[in-house]
Amino acid sequence: MPRTKVPAKSDMFQILDPEGNVLDKKLMPKLTDDDIRKMYGYMVLARKWDEIAWNLQREGRLLTFAPLTGQEASQVGSAYAMEKDDWLFPMYRSNAAMILRGMPMDLLFQYWSGDERGLKIPDDVNMFTIAIPVGTQIPHAAGFAWGMKIQKKKVGVVVYFGDAATSKGDFHEGLNFAGVFKAPLVAICENNQYAISVPRSRQTASETIAQKAAAYGFEGVQVDGNDVFAVYKVTKDALDKARNGNGPTLIECFTYRLGAHTTSDDPTKYRPVEEVEYWKKRDPIDRLRKFMVKKGIWSDSDEQKLLANVEVRVNDAVKKAEAVEAPKPEDMFNYVYEKATEQLRQQMSELK
Ligand SMILES: Cc1ncc(C[n+]2csc(CCOP(=O)(O)OP(=O)(O)O)c2C)c(N)n1
């Protein structure tokens, strides 16, 4: 059994069990077979992205990066529920959601190789830049959502953060503000059970993270974060509610980070092997594939084709990113202020 207490099924919203069976057909959201295959495709793509990025980092071609393996359902299920005009506020582990929402993979590689120009979000993609500081994106998203409401724009704003972010003032301030102003915010906590080596049990004494929403005066939902249909459904409902002027929702995706916190981390130092094995049996990708195979909408040859396709796409993105001319070191100073300060000028001349 895992060290972190897994909520009883009845406490947590779930549609698909780990064997890929639908628990209650009435709960199943309206998704075509094509939608389901697309969601699966994004999940497999995200895992391949992780694998290739990890190898690149080990070869010195990428800087530190945070893998998302294990969290594909929580990101793909939620991002797939968004409409084109909705806005996304990502954290450093949100690569799957960002890719699904239209962030070019080559730009992401460029960014994670240390080139800030990779964070130039395309103009037609409603997304903010990645927040590396824990939780700072939450008040940004809450304020932005309020702005959308003031401008009478019917859009939802989704912000992603981890369980550790809920210990920060940013979480309280952002959610309190969103509650008071009924901002169209959907706050998604990907509770992956750890903040680097700190387990969830040391993060908060609350029984669930979702219950914290009660203090802010809106709904909180705990969902099985490894169940892509359940995540899709709760996010879609929350976004519809937000766009219709009925205020924010906090969603806790109960999931598990199967890999390391980042490429600089060794999780074997703080997690028992049995715990990881327990969660591997609940792998979100296996779960969806089992469902699709049972439904007769997925075959071995579909799987082989998909695996080959994602590998080519990710490798093409790497090639494209690596073909970009390296940034000039002076650029570190050039864009800090409109006019460089004396101190920056000195630092720049030392660098030269
Ligand atoms: C303000 C701030 N403090 C500390 C850190 C160092 N740090 C990076 S990730 C992390 C843990 C975050 O855990 P969680 O929010 O649960 O998200 P996860 O990384 O597990 O997805 C910490 C403490 C940081 N990035 N920002």
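Note that this is a predicted model, so its numbers are computed, not measured. For this chain, numbers begin at 1 and follow the sequence in order. Numbering of ligands and ligand atoms starts at 1, following listing order.
- Here the rule is side chain to side chain contact (heavy atoms under 4.5 Å, CB included) with W112, and of L107, N95, L63 only N95 fits it.
- Nearest heavy-atom pair, Q110 versus A321, reported as atom, atom and distance to 0.1 Å: N-CB, 4.0 Å.
- Both the backbone and the side chain of V134 come within contact range of ligand 1, each with a heavy atom under 4.0 Å.
- Of the heavy atoms in Y194, only backbone atoms (N, CA, C, O) come closer than 4.0 Å to ligand 1.
- Qualifying side chain to side chain contact (heavy atoms under 4.5 Å, CB included) partners for V198, counting only residues two or more places apart in sequence or in other chains: A195, R202, Q203.
- Looking from atom 9 (S) of ligand 1 to the surrounding protein, the closest heavy atom is Y92 OH, 3.1 Å.
- Residue contacts with ligand 1 for I132 involve N, CA, C or O but no side-chain atom from C-beta outward (heavy atoms, distance under 4.0 Å).
- Counting heavy atoms under 4.0 Å from ligand 1, residue Q203 does not touch it at all.
- In this structure, atom 6 (C) of ligand 1 has no protein heavy-atom contact shorter than 4.0 Å.
- Polar contact with ligand 1: absent for Q71 (N/O pair, distance under 3.5 Å).
- Ligand 1 lies nowhere less than 4.0 angstrom from a heavy atom belonging to E190.
- Relative to the six-membered ring of Y194, R200 misses at least one condition, a distance below 6.0 Å or an angle of at most 45° to the axis.
- When distances from atom 16 (O) of ligand 1 to the protein are checked, a heavy atom turns up under 4.0 Å.
- Ligand 1 has no atom lying under 4.0 Å from any heavy atom of F161.
- Here the options are Y232, Y80, Y40, the test is side chain to side chain donor-acceptor pair (under 3.5 Å), and the partner is D35; only Y80 passes.
- Using a distance-only test at 3.5 Å, with no hydrogens or angles considered, a donor-acceptor pair links the side chain of N126 to the main chain of D85.
- If you check which protein heavy atom lies closest to atom 23 (C) of ligand 1, you get I196 CD1, 4.2 Å.
- Residue H261 touches ligand 1 through its side chain alone, judged by heavy-atom distances below 4.0 Å.
- Counting the atoms of ligand 1 from 1 in the order shown, those under 4.0 Å from a heavy atom of R93 are 18 (P), 19 (O), 20 (O), 21 (O).
- In this structure, the side chain of N21 does not engage the main chain of D17 through any donor-acceptor pair within 3.5 Å.
- The distance from ligand 1 to the heavy atoms of K168 drops below 4.0 Å at these ligand atoms: 1 (C).
- Between the side chain of K168 and the backbone N or O of V134 there is at least one donor-acceptor pair closer than 3.5 Å.
- Salt bridge E219/K241: present, at least one basic N to carboxylate O contact under 4.0 Å.
- Taking any N or O of M91, backbone or side chain, none lies under 3.5 Å from an N or O belonging to ligand 1.
- Residues D302 and S299 bring a donor and an acceptor atom of their side chains to less than 3.5 Å of each other.
- Residue-to-ligand polar distances place A164 within reach of ligand 1: an N/O pair is separated by less than 3.5 Å.
- Judged by a 6.0 Å distance limit and a 45° cone about the ring axis, R287 is not positioned over the six-membered ring of F291.
- Considering backbone and side-chain N/O atoms, D163 comes within less than 3.5 Å of an N/O atom of ligand 1.
- For ligand 1, the atoms closer than 4.0 angstrom to any heavy atom of A165 are 15 (O).
- Taking a cut-off of under 4.0 Å to the non-hydrogen atoms of N192, the atoms of ligand 1 that pass are 18 (P), 20 (O), 21 (O).
- Between Y216 and F171, the ring planes are perpendicular. Angles over 60° get that label, and only those under 30° would be called parallel.
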